[in-house]
2 protein chains.
Amino acid sequence: MASQLVTTRIVLASRPSGKPVAANFRLERETVRDLAKGEVLLQTLYLSLDPYMRGRMDDAKSYAKPVEIGGVMEGGTVARVAQSRNTAFKAGEIVLSHSGWQSYAISDGSGLRTLDPGTAPITTALGILGMPGFTAYAGLRNIGKPKAGETLVVAAASGAVGSAVGQMAKIFGARVVGIAGGSRKCEYLRQELGFDAAIDHHSSDFPAQLAAACPNGIDIYFENVGGHVWSAVFPLLNDFARIPVCGLIAHYNEESSVLSGSDQLPVVMRAILRKSLSIRGFIQREFAEQRPDFYQQAGAWISEGRLKYKEDIVDGLENAPEAYLGLLEGKNFGKLIVRVAP
Amino acid sequence: MASQLVTTRIVLASRPSGKPVAANFRLERETVRDLAKGEVLLQTLYLSLDPYMRGRMDDAKSYAKPVEIGGVMEGGTVARVAQSRNTAFKAGEIVLSHSGWQSYAISDGSGLRTLDPGTAPITTALGILGMPGFTAYAGLRNIGKPKAGETLVVAAASGAVGSAVGQMAKIFGARVVGIAGGSRKCEYLRQELGFDAAIDHHSSDFPAQLAAACPNGIDIYFENVGGHVWSAVFPLLNDFARIPVCGLIAHYNEESSVLSGSDQLPVVMRAILRKSLSIRGFIQREFAEQRPDFYQQAGAWISEGRLKYKEDIVDGLENAPEAYLGLLEGKNFGKLIVRVAP
């Protein structure tokens, strides 16, 4: 019976040159094989779409292997155990997995985490209580280290990481300025999330607005964007400012061979020296031992109403490529998730 | 009688545009006024010449105020108390001061540190047991954090900071590769200071030589140079590499308006993200509370013969400008010091 089951999957058809397009993806169908002993069959319920996936589409050396041409696109998922030949998992259980862009996947159980749907909505395991939320927590705790009264700036501030960064920094006592695209997102940051200020980076006088919103300069810039946002932030950095770098979405589509403009590196290095700046790239799993602290803290903050989250849910795996291309252009509003099965 | 005394001083005649020239300096003479109560008259014995002074010649915003046009050039000095109306200092004592480029100076005693000529040669207070030595110590202890078996690279490696960095990193168990200009300096690093390798950055195949000397990549790059040395180091940086930045001598003469070439900043920011790099600018006085540890440790290492130093002593204050211009081009060999009085 299981052999009749068909999985739908989206594979990397070709590597993008610059900005990805729909033709870089291909939808395929395949019959699911029978389970071997120790394996589980996972039915994907939700697929997380995240900026880091752009890096996996290139074959450049990075902290993770690229997706192979013809390989299933990588991604975090929430899945239901449809069948189990592994004593650690029972059919019907909900797990956090990394099955990628496909409707069914077979796993040997390694790396799966059982979720309790009674504790929190299962989609939160992909967002506020998952990798993005922990990225915010780990970056603040280990690198940003906000102190009461300091000014923190975060871009993509209505997104999964940015919204968590801003709210956690508020909890730690910082003054928080968010940068987002469009007045709707900015209003959300101020009204719903309690940011002290929110600036639309599409405004023609964006740098001046940012400077006005940071009268005491910037002590922490949580970098996940780069590009013209960095250019506006850079002159406002205070002595001893900390810059955790967890993403650079504005640069993911750049080809280094076509970079133009004068070389800003010496200017930035001199500022690093003159202002004793600290710039530190990180991937959340470096701080994996802090995950239990995070689950406890973030869970408490959510139940106290101090940590809010917004999800942008798209229906149907076949719509994942279009949704992902929109994410790279900031079209989503909140954590972008694909509902793969009802 | 004191009113007959004449001080010779070198003032900033004009701000350099790019590379400083002799005409940016002017030698002046002035009669020394009588001491007020609480003051001491200092006769400069030795003047320290250091790369950071280039920054003081510009009027750009930095961690320290620029020297005013017509003002005495700033600098660390070792001086003899020639007269004293301050009960804390006796005539004839030797002190570490910051009198600048002049033969006599009046001080109210603040910031002076009495030196014991019996403990160490007094010139070491300007080098290995002074600001350059402590820069090496503080940068390694707080930022570089070398672990046994890691590879550390330092440029300007025969200079005051670089030679201390390399030797201390050896003491901490790291493999040390020094970069210097010319075969004489490289031989000194290998033969006298025990560096594992030394590379001449004037070699036409310098990047390839550096790569060959770092078969396991680079874990710590102690940055005090920038420019083409950075370019050779950058691709060799390992994941989690640390880069303390205490100087950028290759860029001090650059005018940001004339920078050309493609923008390397996005390339570097992406590497910071992909490799979890840490770049941290610092000025040694941030870690001032560690100075007692440093004096004790470095003193012990010197007496055990594990920490060596080389001084390049130039005679006569009038020769300070030329010596300083040479320093910016790497012409000195060891800590550059001017003997102002015999």
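Convention: sequence-line order gives letters A, B, ...; per-chain numbering from 1.
Using a distance-only test at 3.5 Å, with no hydrogens or angles considered, a donor-acceptor pair links the side chain of Arg15(A) to the main chain of Met57(A). Side chain of Asp58(B) to main chain of Gly55(B): no donor-acceptor pair is present (N/O by atom type, distance under 3.5 Å, no hydrogens or angles).
Met131(A) places a side-chain heavy atom less than 4.5 Å from the side chain of Asp50(A). Between Ile179(B) and Val154(B), every side-chain heavy-atom pair lies at or beyond the 4.5 Å cut-off. No side-chain heavy atom of Ile69(A) sits less than 4.5 Å from a side-chain heavy atom of Asp59(A).
Contacts from residues 222-247 of chain B to chain A, taken as heavy-atom pairs separated by less than 4.5 Å, involve Glu223(B), Trp230(B), Phe240(B), Val245(B), Cys246(B), Gly247(B) in sequence order. Along residues 132-142 of chain B, no residue comes nearer than 4.5 angstrom to chain A, judged on non-hydrogen atoms.
Ser48(A) and Lys335(A) are linked by a side-chain donor-acceptor pair at a separation below 3.5 angstrom, with hydrogens and angles left out of the test.
Atom CD of Glu329(B) sits in a crowded spot, with more than 12 heavy atoms from other residues, nucleotides or ligands closer than 6.0 Å.
Rounding to the nearest 0.5 Å gives a distance of 8.0 Å between OG of Ser203(A) and CD1 of Ile199(A). Distance check, rounded to the nearest 0.5 Å: NZ of Lys19(B) to CG of Leu325(B) gives 9.0 Å. We find the CG-CG distance between Leu12(B) and Asn24(B) to be 7.0 Å, quoted to the nearest 0.5 Å.
At a 4.5 Å heavy-atom cutoff, the contact between Ile279(B) and chain A is made by backbone and side-chain atoms alike. Both the backbone and the side chain of Leu248(A) come within contact range of chain B, each with at least one heavy atom under 4.5 Å from a heavy atom of that chain.
We find that Glu286(B) and Arg280(B) are joined by a salt bridge, their nearest charged nitrogen and carboxylate oxygen being less than 4.0 Å apart.
Of the listed residues (Leu273(A), Val268(A), Ile283(A), Ile272(A)), the greatest number of heavy-atom pairs within a distance under 4.5 Å of chain B belongs to Leu273(A).
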